[in-house]
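Notes to accompany the following structure.
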Amino acid sequence: MKKRNLVLLAIVAVLASCGGNGKQAKAPVSDIPAYLDYSRPIEERVEDALSRMTLEEKIAVLHAQSKFSSAGVPRLGIPEVWCTDGPHGIRPEVLWDEWEQAGWTNDSCTAFPALTCLAATWNRDMAHLFGKSIGEEARFRGKTVLLGPGVNINRTPLNGRNFEYMGEDPYLTSQIVVPYIKGVQEQGVAACVKHFALNNQEEWRHSVSVKLDDRALYEIYLPAFKAAIQEGNVWSIMPAYNRVDGEFCAHNDRLLKTILRDEFGFDGVAISDWGATEDTKGAVEGGLDLEYGTTSFGHEPGTNSMYDNYYLATPYYNLIKKGVYGTEELDYKVRNILRLIIRTGMSGNLNLGSLNSDEHILAARTINEEGMVLLKNNDALLPVNTDACKKVAIIGENAIKMMTVGGGSSSLKVKKEYTPMESITKELGSKVQLTYARGYVGSASNNYNGVSTGQSLEDDRDPEEILAEAVAAAKEADMVIFIGGLNKDPNQDAEGTDRLGIELPYGQDEVIYALADANPNIAVVMVNGSAVAMPWRDKVKSILLAWYGGSEAGNALAEVIAGKANPSGKLPYTMYARLEDCGAHSFGPETYPGVGQEVTYTEGIFVGYRWADKKNIEPLYPFGYGLSYTTFEYGDMKLSKSSMNENGTIKVTIPVTNTGKCAGKEVVELYISDTESSLERPEKELKGFEKIALEPGQTKNVEFTINADMLKFFDDAKHDWVAEKGEFTAIIGASSRDIKSTATFTLK
């Protein structure tokens, strides 16, 4: 009878937590158990729930019960945990025990732009909008955990998952990930930051062991995770597949306990990547909390489900019963999981969320527009001047290819995806004569994991015939817009494989050369998530990076091309003319992809622009670079004072004026150089940025505050962050190479 009453109380509490308008309503039960009382402190609720659980119930919550869910405690009214892949949209539903599609007709989502595009906005407000929007979609679909965002550093342009990450700089990544996390978790959905740590290549991702010094680890590869925890208060984190110093990340005591828990103060759940758990001992002792996706090679006696045979399931239970393990470590893991459940499904402050709303569609388009990077625009070829250009040829497979399907776990099923050709036709079709030619055939692929775009891109013509058609169209046009780049096939922007080089695939370089010879008025639009080489750069007038734009990709591009939106993105990574110019590719196979399943980060802290500065390499385009349809003029920087002590600050002020004829946004970047360090440091490091909107002729003063924390480096001998007294230089730039103003100051 007592058990029945407790279940009734649990049902009352869950129902009472949501009113008819989606807001919490206080339960009229005075003796409700503490763990069900949303007014009590979380830790009190956690301890009360833990005290009521049996050993069997504790074991049950540690591992999956289906492909994307793990058990709650039905007896106590504690809900299950349901995960969904992100980070660009909510993955379609699969069968309980299979990867095959469940066949739902209501699981289409809004596809948001790739995270490289989000990082290219250099806009914290866009990051929060992204998180809020995708969090609302996850909430509507009943998800507990969104498996994203990804914050691994772009160490090499060949990494197949660069498009899911936020570039090469730890500060930029940290500043973008925090508002994203807050936007998601404000909806009652846990963000799950991944992949912790050093998942910087897909080649051998299940086995490669990373070797690096602590300076590189703490200065380059950990800051975004630290910010996610200490500033974003993220509720879950996903260890990577790879190994660090020989130990798998999901079992890595130093990563998951010493760094994550002790140093960073993480109190959330460490959730294994699917199949990343290798054995029970490592899972129990290494700091993992929740196990998903492990392949089961048979069942232990007495089990009737492959999930019962997971390492943190029956094997762990049996070791506890035999006395090999006590329950202290078990209770610690269960506390973390209960804390996650209480923060999400039992928070007492749930909303209903929304799916494919007009607001989400607008958010996807706005983020894509603001993230587009204008790399070149001679003779103001863009936006299209419909008075001067009456015939426009659109050429390239990516003008017609849908991109939301494919690429691995971020593949999506969308309600509607607009292609560039479709949207440009709608935007410009009544003003100019548009023609289309394919130019090259890259990929006819239109499905992934049972989801299809519905497109048929088969083309049996000879490459020479296809190219000849494109050249003929170019000769007849006043202007050519070539839309190419990469796609989400294996060995391009895709999970599980790395790229084979930084050249454009499918012979696109030759196509662009031929088109440029046929018509000098050519604009090249790149749809991609990773850096590519551009040997034809001097042959074309305009270059625009459009990224993978999601559901609204075509509409966003059409508005930028037509001039309804002004691109204001800046590169979140360095673009190299040659692969050898990248630090990770400067020392031979030991530094990529590795030798004997071990890769050594010999370049240390010198990643991206830091390496280019150190070696005086001229990049194709530098980190932080991006043009606009308008122009900006920077004034002289002013410092509030010339020196400070370790507890002081210095104000930096610089005026920026829009000197062009249209409204636009500019990203003002603050770098700092340490000229007297006892250890070698980069020539400069990004330490601040602000994005401002200016009308024509308008001037705004941009302000930054420098403090001692911004001057620190990690001293691996002391295992501590150190700011040394001496002279520093504040640097204001429009990119890492376009320096507008400098000023020196001293730290006493």
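- In this structure W204 satisfies the side chain to side chain donor-acceptor pair (under 3.5 Å) test with no other residue, sequence neighbours excluded.
- Panel note: side chain S51, backbone D48; a donor-acceptor pair is recorded below 3.5 Å.
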>> If you apply the rule side-chain contact (heavy atoms from CB on, under 4.5 Å), what do you find for Y310 with Y316, and how did you get there?
In response: CA-CA 9 Å; Y310 274 25; Y316 186 21; over 6 Å; no

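- A side chain to side chain donor-acceptor pair (under 3.5 Å) with D674 is found for exactly one of R681, K712, K684, namely R681.
- Under the 4.0 Å criterion applied to side-chain N and carboxylate O atoms, D331 and K58 are assigned as salt-bridge partners.
- Of the charged side-chain nitrogens involved, at least one lies within less than 4.0 Å of a carboxylate oxygen, so that D267 and R343 count as a salt-bridged pair.
- Within the 3.5 Å criterion, the main-chain N or O of V81 finds no donor-acceptor partner in the side chain of T144.
- Here the side chains of Y35 and L50 are not in contact, with every heavy-atom distance at 4.5 Å or above.
- Close placement of the Y601 and Y221 rings is indicated, their centers lying within 6.0 Å of each other.
- In terms of modelled atom types and a separation under 3.5 Å, the side chain of N200 and the main chain of I153 share a donor-acceptor contact.
- Between N242 and L198, some side-chain heavy-atom pair lies under the 4.5 Å cut-off.
- Side chains of Y592 and D498: a donor on one and an acceptor on the other come within 3.5 Å.
- The closest side-chain heavy-atom distance from V184 to K132 is not below 4.5 Å.
- E164 places no side-chain N or O within 3.5 Å of a backbone atom of P87 that could act as its donor or acceptor partner.
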>> Quick one, D273 with H195, criterion side-chain contact (heavy atoms from CB on, under 4.5 Å). Give me CA distance, side-chain angles, the key distance, then yes/no.
In response: CA-CA 8 Å; D273 206 340; H195 303 89; 3.5 Å; yes

> Can you check ring pair (Phe, Tyr, Trp, His ring centres under 6.0 Å) on H719 and Y218, steps first, answer last?
Replying inline: CA-CA 10 Å; H719 195 77; Y218 278 84; 5.1 Å; yes

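- Taking 4.0 Å as the cut-off between side-chain N and carboxylate O, D169 and R155 do not count as a salt-bridged pair.
- With 3.5 Å as the limit, one finds no donor-acceptor pair spanning the side chains of T574 and R610.
- Residues that satisfy the side-chain contact (heavy atoms from CB on, under 4.5 Å) test with F587, not counting sequence neighbours, are T591, T602, E603, W611.
- E278 and Y311 share no side-chain donor-acceptor pair at under 3.5 Å.
- The ring pair (Phe, Tyr, Trp, His ring centres under 6.0 Å) search around F623 returns W122, Y609, not counting sequence neighbours.
- E329 and K257 are joined by a salt bridge, as a carboxylate oxygen and a charged side-chain nitrogen come within less than 4.0 angstrom of each other.
- Using a 4.5 Å heavy-atom threshold, the side chains of E43 and R339 count as touching.
- Screening residues 43-67 for ring pair (Phe, Tyr, Trp, His ring centres under 6.0 Å) gives no qualifying pairs among residues at least two apart or on separate chains.
- Residues P223 and Y171 form no side-chain contact, since every pair of their non-hydrogen atoms from C-beta on lies 4.5 Å or further apart.
- Side chain of S411 to backbone of G408: no donor-acceptor contact under 3.5 angstrom is found.
- Residues K143 and E93 are paired through a salt bridge, judged by an N-O separation under 4.0 Å between the basic side chain and the carboxylate.
- Between T54 and E57, the shortest heavy-atom distance links the atoms N-OE1, 3.0 Å.
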Output a table of donor-acceptor pairs, distance under 3.5 Å, between side-chain atoms of residues 224-234 and any protein atom two or more places apart or on a different chain; print 'none' if there are none.
from	atom 1	to	atom 2	distance (Å)
Q230	NE2	F264	O	3.3

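- Legend: ring pair (Phe, Tyr, Trp, His ring centres under 6.0 Å) pairs involving residues 227-260, not counting sequence neighbours, sorted by first then second residue: H206-Y241.
- By the 4.5 Å heavy-atom criterion applied to side chains, V599 and E590 are not counted as neighbours.
- Note on E495 versus R205: salt bridge recorded, some NZ/NE/NH1/NH2 to OD/OE distance being below 4.0 Å.
- Residues E80 and Q65 have side chains in contact (heavy-atom distance under 4.5 Å, counting atoms from C-beta outward).
- In this structure the side chain of N491 never reaches within 4.5 angstrom of the side chain of R499, judged on heavy atoms.
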> Passes side-chain contact (heavy atoms from CB on, under 4.5 Å), R91 versus T84? Steps please.
Replying inline: CA-CA 6 Å; R91 183 174 182 151; T84 181; 3.9 Å; yes

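- Remark: side-chain polar atoms of E247 are not paired, donor with acceptor, to backbone N or O of V244 under 3.5 angstrom.
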